[in-house]
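Written out below as structure tokens is the structure these notes cover.
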Amino acid sequence: MLNIRNGKISRPQKLAIYGPEGVGKSTLAAQFPDPLFIDTEGGTAHMDVRRIDRPTTWDELLAIINEVAVTKDVCKTLVIDTADWAEQLAITYICGKYKKNGIEEFGYSKGYVYLAEEFARLLAALDKVIASGIHVVVTAHAKMRKFEQPDEMGAYDRWETKLTKQVAPLLKEWCDMLLFCNYRTFVIQSDNAMEKAKATGGKRVIYTSHHPCWDAKNRHGLPEMMDLDYQNIAHLFTTNAAASTEASDKPAQKPIDTLRQMMAEANVTDAEIQKVVSSKGHYAVDVPIDDYTEKFLNGWLIKYWPQVLKLIEADRTGLN
């Protein structure tokens with residue numbers, strides 16, 4: 001008998017975050033709900049986070065992930081930091097198994113086929129973690145590659161994950177969100193045509209959508225570019241993932257309850273929400289939040305929560 005269900009299925013999030021060294025990938029991952037790090041490269045030594053001892057072999061890494069999947073309440077977010085160092089463990093494992101000195105020694109790219117198969121095992125293990133109600137964040141370093149269009153003249157630089165060309169697509173297809181973190185530099189053009197443009201600093205940002213110069217994607221309608229700040233994606237993790245896996249038969253949380261939870265986490269009052277809503281012409285300022293329609297709650301307040309918070313913070317600053 002076919003078990004047909006309507007509507008969206010709520011489950012934990014699968015994220016991949018990549019960017020150049022030092023941009024803040026691990027720091028961002030540390031802000032996810034109750035994170036537990038599997039630090040494959042030892043890069044979190046300076047951070048105050050919960051971590052599992054660094055795995056030294058591929059089998060050890062897979063065993064740790066599988067144990068997390070069956071250990072109740074061990075964390076709410078599992079972080080693999082980083083995918084490219086995990087890939088190196090897989091390469092070492094494959095070369096040892098087939099008694100080769102390097103992945104290129106196999107010939108005919110056979111070694112990379114084995115590598116893709118092994119990495120698929122890691123992603124399957126992470127899917128078990130997702131099924132147990134735990135978010136998964138995988139970080140990766142970025143590399144720049146010269147990309148040439150086959151049907152056009154010229155070439156340009158493009159950012160990609162620092163993974164082999166056989167493994168990178170697997171991670172990209174597996175995740176719900178592929179976020180590219182980078183530095184955005186501001187350039188000012190001089191009025192003097194003889195002078196070169198000058199860089200005047202910049203800021204760290206997150207790119208969420210595909211661009212010719214980088215890989216990125218998301219399934220939540222996020223802005224194409226945001227400040228590198230966890231608060232810009234925090235609203236995606238407000239529901240209890242452990243209570244809303246694909247196998248759950250519990251009713252979905254009501255929009256007003258979701259909003260109330262988000263307000264509590266951000267210390268936002270009813271009056272502040274009413275003021276923002278009124279200023280945008282949606283409801284009169286004296287209309288209680290509980291009287292807002294579900295369509296408005298989901299389609300405006302919850303969807304654009306980061307922007308609503310910024311309006312509230314700006315108003316608070318003005319009052320101070």
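Computed from a predicted model, the values in this text were never measured in an experiment.
Under the 3.5 Å distance criterion, the side-chain polar atoms of Ser209 are left unmatched by any main-chain donor or acceptor of Lys217. Judged by distance alone, with hydrogens and angles left aside, the side-chain atoms of Thr77 form a donor-acceptor pair with the main-chain N or O of Pro33 at under 3.5 Å. In this structure a side-chain-to-backbone donor-acceptor pair under 3.5 Å is missing from Lys203 to Tyr183. Under a 3.5 Å cut-off, the side chain of Glu105 and the backbone N or O of Asn101 do form a donor-acceptor pair. Without hydrogens or angle criteria, His211 side chain to Cys213 main chain gives a donor-acceptor distance under 3.5 Å. Not one N or O on the side chain of Asp227 forms a donor-acceptor pair closer than 3.5 Å with the backbone of Asp229. A donor-acceptor pair under 3.5 Å links the side-chain atoms of Lys14 to the main chain of Trp174, judged by distance alone. Of the possible polar contacts, none joining the Gln261 side chain to the Asp257 backbone as a donor-acceptor pair under 3.5 Å is found. One N or O on the side chain of Asn66 and one on the backbone of Leu62 form a donor-acceptor pair closer than 3.5 Å.
Between Arg260 and Asp270 a salt bridge is recorded (basic side-chain N to carboxylate O distance below 4.0 Å). Salt bridge present: Asp176 and Arg219 bring a charged side-chain N and a carboxylate O closer than 4.0 Å. The residues Arg51 and Asp81 are annotated as not salt-bridged, no charged nitrogen and carboxylate oxygen being separated by less than 4.0 angstrom. Residues Glu272 and Arg316 are paired through a salt bridge, judged by an N-O separation under 4.0 Å between the basic side chain and the carboxylate. Electrostatic pairing of Asp315 and Lys275 counts as a salt bridge here, judged by a charged N lying under 4.0 Å from a carboxylate O. Asp39 has no carboxylate O lying under 4.0 Å from a charged side-chain N of Arg50, or vice versa, which leaves the two without a salt bridge.
Between the side chains of His210 and Glu224, no donor N or O sits under 3.5 Å from an acceptor N or O. A donor and an acceptor atom, one from each side chain of Ser278 and Gln274, are nowhere located under 3.5 Å apart.
Surrounding NZ of Lys303 are at most 12 heavy atoms belonging to other residues, nucleotides or ligands under 6.0 Å away. Residue-environment remark: OH (Tyr304) stays at or below the threshold of 12 foreign heavy atoms within 6.0 Å. For Asp53, the CG atom is loosely surrounded, since the number of other residues' heavy atoms within 6.0 Å does not exceed 12. Applying the 6.0 Å contact sphere to NZ of Lys162 captures no more than 12 heavy atoms from other residues, nucleotides or ligands.
Other residues sharing the hydrophobic cluster of Trp159, ordered by chain and number and joined by side-chain separations under 4.5 Å: Tyr18, Met144, Leu178, Phe180, Val205, Tyr207, Trp214, Met225. Other residues sharing a hydrophobic cluster with Val70 under the 4.5 Å side-chain heavy-atom criterion for ILVMFWY residues do not exist; the residue is a singleton. In this structure, Tyr108 stands alone, with no Ile, Leu, Val, Met, Phe, Trp or Tyr side-chain heavy atom under 4.5 Å from its own, directly or through other members.
Taking each heavy atom of Ala140 and Thr82 in turn, the nearest pair found is CA-CB, 4.1 Å. Minimum heavy-atom separation, Thr40 to Trp85: OG1-CB, 3.3 Å. Contact record, Pro35 with Ala30: CG-O, 3.4 Å, taken as the closest heavy-atom pair. Pro20 and Ala142 get closest at one heavy-atom pair: N-CB, 3.8 Å. The minimum heavy-atom distance between Ile206 and Cys181, with the atom names listed, is CG1-SG, 4.1 Å. Smallest separation of non-hydrogen atoms from Ala266 and Trp305: CB-CZ2, 4.3 Å.
Under the 4.5 Å side-chain heavy-atom criterion for grouping Ile, Leu, Val, Met, Phe, Trp and Tyr, Met226 is not connected to Val308 through any hydrophobic cluster.
Every residue two or more places apart in sequence or in another chain that forms a side chain to side chain contact (heavy atoms under 4.5 Å, CB included) with Gln166 is listed here: Tyr112, Ala116, Thr164. The side chain to side chain donor-acceptor pair (under 3.5 Å) check on Asp215 picks up Arg158, Lys172, with sequence neighbours excluded. Annotation: side chain to side chain contact (heavy atoms under 4.5 Å, CB included) contacts of Asp73 (sequence neighbours excluded): none.
The shortest distance between side-chain heavy atoms of Pro288 and Asp291 falls below 4.5 Å. Side-chain contact between Gln88 and Ile91 is present, with heavy atoms from C-beta onward closer than 4.5 Å. Put simply, the side chain of Ile17 does not reach to within 4.5 Å of the side chain of Val138, judged on heavy atoms. Counting only heavy atoms from C-beta outward, the side chains of Thr161 and Asp84 never approach each other to under 4.5 Å. A 4.5 Å side-chain heavy-atom check between Ile80 and Ile65 finds at least one atom pair inside the cut-off. Using a 4.5 Å cut-off on side-chain heavy atoms (C-beta onward), Val136 and Pro12 make no contact.
In summary, the aromatic rings of His282 and Phe296 are positioned with their centroids under 6.0 Å apart.
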- Run the side chain to side chain donor-acceptor pair (under 3.5 Å) check on Thr56 and Glu60 step by step: do they pass? CA-CA 7 Å; Thr56 58; Glu60 184 180 351; 3.1 Å; yes
- salt bridge (charged side-chain N to carboxylate O under 4.0 Å, His left out) evaluation trace for Lys310 with Glu313: CA-CA 5 Å; Lys310 288 181 179 179; Glu313 291 168 359; over 6 Å; no
